[in-house]
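Quick notes on the structure that follows.
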Amino acid sequence: MILNNEMIVLQSLGFDLIVYSPYRSLDGFVIDLEDSLQAKDEELQKLKDMKETSKIEADKIMLTDAPLLFPPGQLALAALRKSNEVHGVLDFQRYLEDVLSGQNSTHTISELTVSLNAIDSLVTKLETPTATDMKHIDRKLKSCRDPSSHDKSKKRKHRSKESSNHLLA
């Protein structure tokens with residue numbers, strides 16, 4: 001019943017259920033890095049490796065609440081920063097300063113760094129659910145999708161209790 005009216009309520013409250021991913025921004029930043037570094041063959045390979053690692057980091061970010069709290073550009077920068085820690089391609093702090101100065105941004109480097117640190121913090125707090133947790137979540141999800149099956153299973157349990165009580169009596 002509630003699920004049927006959920007979209008109507010969200011629309012009337014003016015909520016958008018669109019979550020933008022950082023992958024396009026990530027590609028844009030990598031292209032910007034290639035241009036700004038005027039990368040040669042060896043550096044291009046390092047950038048490609050950094051891009052692949054940053055996509056893995058972006059995947060981790062997407063499993064957190066970060067996409068709901070931060071814009072995709074900041075998510076992409078957080079993934080790039082984490083990837084740069086592994087590959088050491090550039091001075092990332094200087095790159096952030098260049099990005100902010102080129103955009104005439106109202107944000108300061110310290111504000112951006114605080115946001116990137118918050119995103120990193122969300123990723124480090126991320127816990128992968130166990131198999132038993134996933135089974136429990138799956139059962140709940142199935143009961144939400146088809147509440148009638150949940151009612152049937154309750155009836156079956158009730159009947160089995162009654163029959164076991166009959167056998168005991």
Side-chain angles (χ1 to χ4, degrees), residues 1-33 46-87 89 92 96 99 105 107 111-169:
M1 175 88 171
I2 293 172
L3 293 175
N4 295 336
N5 297 318
E6 181 179 26
M7 288 305 294
I8 296 168
V9 171
L10 290 173
Q11 286 174 346
S12 66
L13 293 173
F15 282 149
D16 268 337
L17 295 178
I18 298 172
V19 176
Y20 295 99
S21 68
Y23 302 104
R24 273 200 184 147
S25 299
L26 194 58
D27 290 338
F29 283 123
V30 171
I31 291 169
D32 184 50
L33 282 170
K46 283 185 176 181
L47 277 174
K48 284 182 182 179
D49 294 343
M50 184 174 155
K51 180 180 178 180
E52 291 306 312
T53 308
S54 60
K55 283 185 178 180
I56 293 168
E57 289 299 321
D59 290 342
K60 291 178 188 175
I61 289 171
M62 292 301 290
L63 295 174
T64 68
D65 290 341
L68 302 171
L69 302 171
F70 300 97
Q74 289 180 6
L75 300 176
L77 284 172
L80 275 173
R81 184 174 76 166
K82 198 71 164 174
S83 178
N84 188 58
E85 289 173 6
V86 173
H87 297 284
V89 175
F92 202 78
L96 287 178
V99 167
S105 177
H107 298 288
E111 291 173 334
L112 183 58
T113 303
V114 166
S115 294
L116 297 182
N117 290 340
I119 294 168
D120 286 344
S121 173
L122 287 171
V123 172
T124 55
K125 291 178 185 174
L126 180 65
E127 293 180 15
T128 307
T130 64
T132 53
D133 291 340
M134 290 304 294
K135 286 179 184 177
H136 180 70
I137 291 168
D138 191 45
R139 268 187 266 133
K140 281 187 171 183
L141 185 60
K142 284 180 182 176
S143 70
C144 286
R145 286 186 181 150
D146 187 15
S148 64
S149 68
H150 185 66
D151 294 339
K152 290 175 188 175
S153 66
K154 277 187 174 179
K155 286 178 184 176
R156 261 188 262 126
K157 285 181 185 176
H158 184 67
R159 278 191 224 130
S160 66
K161 282 183 182 178
E162 285 179 356
S163 63
S164 64
N165 288 340
H166 257 16
L167 293 174
L168 292 175

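Just the heavy atoms: all of them, side chains too, but no hydrogens, waters or symmetry mates, feed the values below.
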- Item | Where F29 and L80 come nearest, the two heavy atoms and their spacing | CB-CD1, 3.3 Å

- Looking only at heavy atoms, the pair that brings L75 and P67 closest together is CD1-CA, 3.8 Å

- Heavy atoms, side chains only, cut-off 4.5 Å: are K142 and D138 in contact? yes

- Okay, side chain of S83, backbone of M50: is any donor-acceptor separation there less than 3.5 Å? yes

- Query: From M134 CE over to T128 OG1, what is the distance, rounded to the nearest 0.5 angstrom?
  - Reply: 10.0 Å

- Item | Approximate separation, where rounding is to 0.5 Å, of H87 NE2 and E52 CD | 9.0 Å

- Query: Which is it for I61 and L126 under the side chain to side chain contact (heavy atoms under 4.5 Å, CB included) test, yes or no, and what are the steps along the way?
  - Reply: CA-CA 9 Å; I61 289 171; L126 180 65; over 6 Å; no

- Passes side chain to side chain contact (heavy atoms under 4.5 Å, CB included), F15 versus V9? Steps please. CA-CA 9 Å; F15 282 149; V9 171; over 6 Å; no

- Query: Does the pair L33 and K51 meet the rule for a side chain to side chain contact (heavy atoms under 4.5 Å, CB included), with working shown?
  - Reply: CA-CA 11 Å; L33 282 170; K51 180 180 178 180; over 6 Å; no

- Item | Shortest non-hydrogen separation from S21 to P72 and the atoms involved | O-CB, 3.5 Å

- Message: Can you confirm whether D65 sits close enough to F70 that some side-chain heavy atom of one is under 4.5 Å from a side-chain heavy atom of the other?
- Response: no

- Closest non-hydrogen atoms of S25 and A76, given as atom of the first, atom of the second and distance, are CB-CB, 3.7 Å

Indicate every side-chain donor-acceptor pair of residues 111-119 with a distance under 3.5 Å to a residue at least two apart or in another chain.
unit_1: E111; atom_1: OE1; unit_2: H107; atom_2: ND1; d: 3.4
unit_1: E111; atom_1: OE1; unit_2: T108; atom_2: N; d: 3.0
unit_1: T113; atom_1: OG1; unit_2: I109; atom_2: O; d: 2.8
unit_1: S115; atom_1: OG; unit_2: E111; atom_2: O; d: 3.3
unit_1: N117; atom_1: OD1; unit_2: R81; atom_2: NH1; d: 3.2
unit_1: N117; atom_1: OD1; unit_2: R81; atom_2: NH2; d: 2.8
unit_1: N117; atom_1: ND2; unit_2: T113; atom_2: O; d: 3.3

- To the nearest 0.5 Å, how far apart are CD1 in I56 and NZ in K82? 13.5 Å

- Item | Electrostatic pair D59:K55 at N-O distance under 4.0 angstrom | no

- Note on the structure: Heavy-atom closest pair (T132 atom, T130 atom, distance to 0.1 Å) is OG1-OG1, 3.1 Å

- Message: Can you tell me how far apart CG (N5) and OG (S12) are? Round to the nearest 0.5 Å.
- Response: 10.0 Å

- Query: Rounded to the nearest 0.5 Å, what separation is found between the NE2 atom of H136 and the CG atom of L141?
  - Reply: 11.5 Å

